[in-house]
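Quick notes on the structure that follows.
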Amino acid sequence: MFQVKFAEKTMSFDAPLSVFDAAKAAELVSRAHLAAEVDGVLVAMTHQLSADCEVKLLTYADEGGKRVFNHTAAHVLAQAVKRLYPACKLTIGPAIEGGFYYDFDSDTPFSAEVLSALEGEMKKIVKENLLIERFELPRAEAVALMEERAEPYKVQLINELPADAVISFYRQGEFVDLCAGPHLFATGAVKAFKLTQCTGAYWKGDQSNKMLQRVYGVAFPSKDELKAHLEALEEARRRDHNKIGRELEYFTTVESIGQGLPILLPKGARTVQILQRWIEDEEQKRGYLLTKTPLMAKRDLYRISGHWDHYRDGMFILGDAEDETKECFALRPMTCPFQYQVFLNKKRSYRELPMRLGETSTLFRNEDSGEMHGLIRVRQFTISEGHLILRPEQLEEEFRGCLELAKYVLDTVGMLENCSFRFSQWDPARAGIKYEGTAEQWEHAQTVMGTILDNLGVTYEIGIDEAAFYGPKLDIQYKNVFGKEDTIVTIQIDMLLAEKFGMEYVDSDGQMKTPYIIHRTSLGCYERTLAYLIERYAGALPTWMSPEQVRILPIGEEHIDYAYAVRKALAARGVRVEVDDRNETIGKKIRTAQLEKLPYMLVIGENEMTAGTVAVRSRKAGDMGVMSVDDFATAILAEIAEKRR
RNA sequence: GCUGCUAUAGCUCAGUCGGUAGAGCACGUCAUUGGUAAUGACGAGGUCAUCGGUCCGAAUCCGAUUAGCAGCUCCA
């Protein structure tokens, strides 16, 4: 006799039975239930219950249910591949956020035609509605089974499992796969799916391993959901900064200039300038000192900082790096060693700390050729860089200040709601290779940072091996319209570099002490931020950061002079305003296509000219009626000053 | 860097079997037009990304390079 506790009711059973049967007995089960959590563990509906437990039934709307569903879809894909291409070797095929993939070792890449053939075979498998059965084997038999089926990657996976691991397999029809599960009851549930693409992916994610063929797909319990998903994807493409940023003339690229070196066109440059001025002013208010340091330095500097050892591949080097008899320069990939020279300029007192240094800093990083992407990942970029040089006891307070500033900035531009926090830590396994400093120093820095984060109530994920070579980071991750994440802002604690550079201050007791350093950005990379703003607002930036805030449309040639007078009056008050006096706009047919991205347009005709007014049309509020130029200027300036979204 | 796809006018694209280049939009001129999406006529624009190869002949086939896209790896 044992009790199964569902959310709705509790049932008692005498003999072991499956989750499905238990739920059926409780009259709770429906077709939508894909899997369950038993005492918090994700299991299949076929999972056997034999003791007291708490059961939560999961549908596709639950993360776990979705995962099981997608994972089964991956198995259906693998079965189809083995049917059509028996020579392909299976590797792994997990569910991922927004779908699934399966990696195959195949001599030929899967073309679009192959993918649609695979989809056809998958449909058959779904229609066959094969039961999915789990079985477990001892290690030797498991290896024998996979060897018999000529699956070397599976053999390797089994051999790598810990000694006490349960080795489980799933069978559906003729297809058997090493898999921890859980899975759906049968293949028939995978009603709607689509194989989205095939790309290369390294075995175990290691560049030195063989490249496999990865097939990506999405799967849903109904065709409608699939359709909705594909439409949402289409909508995301419409917001893609790399497309509309070019269309709206924010930036472009030129083949002869090179990869990762975008041209900011007047609109892009203007918005970046607006953001920059705002950040520099905001930082000044918060006690930052502005610096301007060189974009390059001799290799000697990078030797001190450690960049020469840890970051040389990422730098653009001018001259022969190997020839010690000649001068060798490198463009800067980071600002730290330059900005430290400001502190080092003279002997410093504890009274000067915290010293908050800020710089709108252009950096150069020689990224691998396949990494570049629009304005998101480039080789030359400008960040709102800063370094805070502190007494150790100031660390928490200053860290809080950095976090507050970053949150304020991201909130103001409207990006905070799509941000998450990542506590990026080192990987001790790569001590000395990727990371400078001792284990003690790292543990100390990470402990301090963890405490600060906890004290500040920051909820974060931990990212192992995501730290900088000199210290742990709090990375603020932004999720873009495609669901992809990138770091937008970073706050880092550095207990190493000050010592390397011989940075010291005279403490109140007269002793020389080594300061702590916080590396941080406030808005992060301007290019990347611009890209995300374009996506966030689908190109229609809020008035205060819009490169063109107002466009004046004279209706009829005789009103052009007045239009320019209005332009002059508004421009004199700092409004970014243009007159569109082209032929087409003078006539009956005024183009509004280009105006949908503009905050305001002012239409001027006979009545307005005579009365000295403008007819205001707002992107947000629609027709706002006729008002005096002065009233309009006052209104828009108030909006700009408040940075209203 | 790796795997795959792609490159024709400013943009979106067509161009069949290898036979010397096309449309719409945008742009220019003129005419027309008066309150919110695309008036008419005419015009200008391209060594078909670059370099090389095959061929009597290459936008088309092959190779390399460059750039763009997706993913991997790496990263702000």
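Side chains are part of it too, since the values below use all heavy atoms of this structure and drop only hydrogens, waters and symmetry mates. Each chain gets a letter, A, B and so on, in the order its sequence line appears, and its residues count up from 1.
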With syn defined as a glycosidic angle within 90° of 0 and anti as everything else, classify B:rG45.
-> syn
From C-beta outward on [X], which listed nucleotide comes closest to its side chain: [options]?
X	options	result
A:Asn242	B:rC72, B:rC69, B:rA70	B:rC69
A:Glu371	B:rC74, B:rC75, B:rG35	B:rC74
A:Val603	B:rG34, B:rC2, B:rG35	B:rG35
A:Pro109	B:rG35, B:rG71, B:rG4	B:rG4
A:Tyr202	B:rC72, B:rC75, B:rG34	B:rC72
A:Arg377	B:rC74, B:rU3, B:rG71	B:rC74
A:Arg528	B:rU73, B:rC75, B:rG71	B:rC75
A:Met601	B:rA70, B:rG35, B:rU36	B:rU36
A:Asp368	B:rG71, B:rG68, B:rG1	B:rG1
A:Arg214	B:rG1, B:rC72, B:rC69	B:rC72

Have a look at [X] and say if it touches a base, only the backbone sugar-phosphate, or nothing, with a 4.0 Å heavy-atom cut-off.
X	answer
A:Gly524	nothing
A:Lys473	sugar-phosphate
A:Val378	base
A:Cys198	nothing
A:Ser369	base
A:Tyr216	sugar-phosphate
A:His519	nothing
A:Gly463	nothing
A:Lys434	sugar-phosphate
A:Ala615	base
A:Ile376	base

Suppose you measure atom [atom1] in [N] against the same atom in [M]; what distance do you get, rounded to whole Å?
N	M	atom1	answer
B:rA49	B:rA31	P	40 Å
B:rA7	B:rU12	C1'	14 Å
B:rU73	B:rU65	P	24 Å
B:rC48	B:rG35	P	47 Å
B:rG15	B:rU33	P	42 Å
B:rA41	B:rU32	C1'	11 Å
B:rA38	B:rC25	C1'	9 Å
B:rU36	B:rU47	C1'	44 Å

A:His373 vs B:rA70: side-chain N/O to OP1/OP2 distance below 4.0 Å |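 The answer is yes; a side-chain N or O of A:His373 sits under 4.0 Å from OP1 or OP2.
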Does a side-chain N or O from A:Gln213 land closer than 4.0 Å to OP1 or OP2 of B:rU3, or not?
-> no
Just by distance, with hydrogens left out, do A:Ser369 and A:Gln259 show a side-chain donor and acceptor under 3.5 Å apart?
-> no
Distance-only donor-acceptor check, side chains A:Glu608 and A:Tyr562, under 3.5 Å = no
Can you tell me how far [atom2] of [N] sits from [atom1] of [X], to the nearest Å?
X	N	atom1	atom2	result
A:Tyr101	B:rA70	OH	P	19 Å
A:Asp206	B:rC74	CG	P	8 Å
A:Ile96	B:rA70	CD1	P	15 Å
A:Leu248	B:rA26	CG	P	16 Å
A:Arg379	B:rG68	CZ	C1'	14 Å
A:Leu602	B:rG35	CG	C1'	13 Å
A:Met609	B:rG34	CE	P	17 Å
A:Asp103	B:rG4	CG	C1'	14 Å

Report yes if some heavy atom in the side chain of A:Glu359 is under 4.5 Å from a heavy atom in the side chain of A:Glu283; otherwise report no.
->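 The answer is no, as the side chains (C-beta and beyond) never meet within the 4.5 Å cut-off.
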Given A:Lys89, A:Arg214, A:Lys210, the one that forms salt bridge (Lys or Arg N to Asp or Glu O under 4.0 Å) with A:Asp105 | A:Lys210
Assess whether a salt bridge exists between [X] and [Y], defined as any Lys/Arg side-chain N lying under 4.0 Å from an Asp/Glu carboxylate O.
X	Y	answer
A:Glu548	A:Arg270	no
A:Arg365	A:Glu371	no
A:Lys204	A:Glu160	yes
A:Lys267	A:Glu578	no
A:Lys434	A:Asp465	yes
A:Glu404	A:Lys407	no
A:Asp475	A:Lys473	yes

Any-strand Watson-Crick or G-U partner of [N], both distances under 3.5 Å:
N	value
B:rG35	none
B:rG52	B:rC62
B:rG24	B:rC11
B:rG18	none
B:rC5	B:rG68

Of A:Gln492 and A:Gln207, whose closest RNA chain B nucleotide lies nearer the 5' terminus?
-> A:Gln207
Earlier contact from the 5' end, RNA chain B, for A:Met334 and A:Leu261 | A:Leu261
Go through the N and O atoms of the side chain of A:Glu608 and the base of B:rG35, and report whether any donor-acceptor pair is under 3.5 Å.
-> yes
For nucleotides 5-17 of chain B, just jot down a letter per nucleotide in 5' to 3' order: B, S or -, based on protein non-hydrogen atoms under 4.0 Å.
-> -------------
Pick from A:Thr291, A:Thr293, A:Thr335: which one makes a side chain to side chain donor-acceptor pair (under 3.5 Å) with A:Ser361?
->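 Among A:Thr291, A:Thr293, A:Thr335, the one meeting side chain to side chain donor-acceptor pair (under 3.5 Å) with A:Ser361 is A:Thr335.
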